[in-house]
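Okay, so here's the structure we're looking at.
Computed from heavy atoms alone, side chains included, the values below leave out hydrogens, waters and symmetry copies. Bear in mind the structure is a predicted one, so any value in this text is a computation, not a measurement.
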Amino acid sequence: MSLRVEFLSGADADLQEIFNRFEDYRQGFGAEFITVVDAYLARIAVFPEIAPIYFENIRRQVIRDFHTASFYESEPTRILVAAILDLRQDPAADT
């Protein structure tokens, strides 16, 4: 059985931002990224506990080829994607 995957608005914005950055880098690279993310999310929808717990109920699935990760919560009827982040970012850079 596969769970429904839903994005919080912030995760949707994260995905679009990373897509745009990859497309700016090389045309078609953003589309490759989306294809890989879709495959990871499809796997998570079937095996929600595949990724380790990162914080409280949030799990982190690293997408190695793109140095990103999806952060999600598994609920009984759905997967709730909270964020998709570039792991190479410096969290202190925004302060």
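- Annotation for Arg60 and Ala51: closest pair O-CB, 3.3 Å, computed over non-hydrogen atoms.
- Formation of a donor-acceptor pair under 3.5 Å by the Glu73 side chain with backbone atoms of Ile58 is not found in this model.
- Pairing each heavy atom of Asp86 with each of Thr68, the nearest pair is CA-CG2, 3.9 Å.
- Nearest heavy-atom pair, Ile84 versus Leu15, reported as atom, atom and distance to 0.1 Å: CD1-CD1, 3.9 Å.
- Sequence neighbours left out, not one pair with a member in residues 43-56 passes salt bridge (charged side-chain N to carboxylate O under 4.0 Å, His left out).
- Every residue meeting the ring-ring contact (aromatic ring centres under 6.0 Å, His included) condition with Phe66, not counting sequence neighbours, appears here in chain and number order: Phe22, Phe29, Phe33.
- Pairs of residues two or more places apart, or lying in two chains, that qualify as side-chain hydrogen bond (donor to acceptor under 3.5 Å, both in side chains) and include a residue from residues 28-39 are Arg26-Glu32.
- Pairs of residues two or more places apart, or lying in two chains, that qualify as ring-ring contact (aromatic ring centres under 6.0 Å, His included) and include a residue from residues 34-55 are Tyr54-Phe71.
- Here the closest heavy-atom approach between residue Gly30 and residue Glu23 is recorded as N-OE2, 2.8 Å.
- Rounded to the nearest 0.5 angstrom, Ile79 CD1 and Leu41 CG are separated by 9.0 Å.
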Chi angles and distances behind the side-chain contact (heavy atoms from CB on, under 4.5 Å) call for Tyr72, Leu80
CA-CA 5 Å; Tyr72 69 93; Leu80 189 59; over 6 Å; no

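- Under 4.0 Å is where a charged nitrogen must lie from a carboxylate oxygen, and between Glu6 and Arg4 at least one such pair does.
- Residues passing the salt bridge (Lys or Arg N to Asp or Glu O under 4.0 Å) test with Glu75 are Arg78, sequence neighbours excluded.
- Scanning for salt bridge (Lys or Arg N to Asp or Glu O under 4.0 Å) contacts around Arg64 gives an empty result, with sequence neighbours left out.
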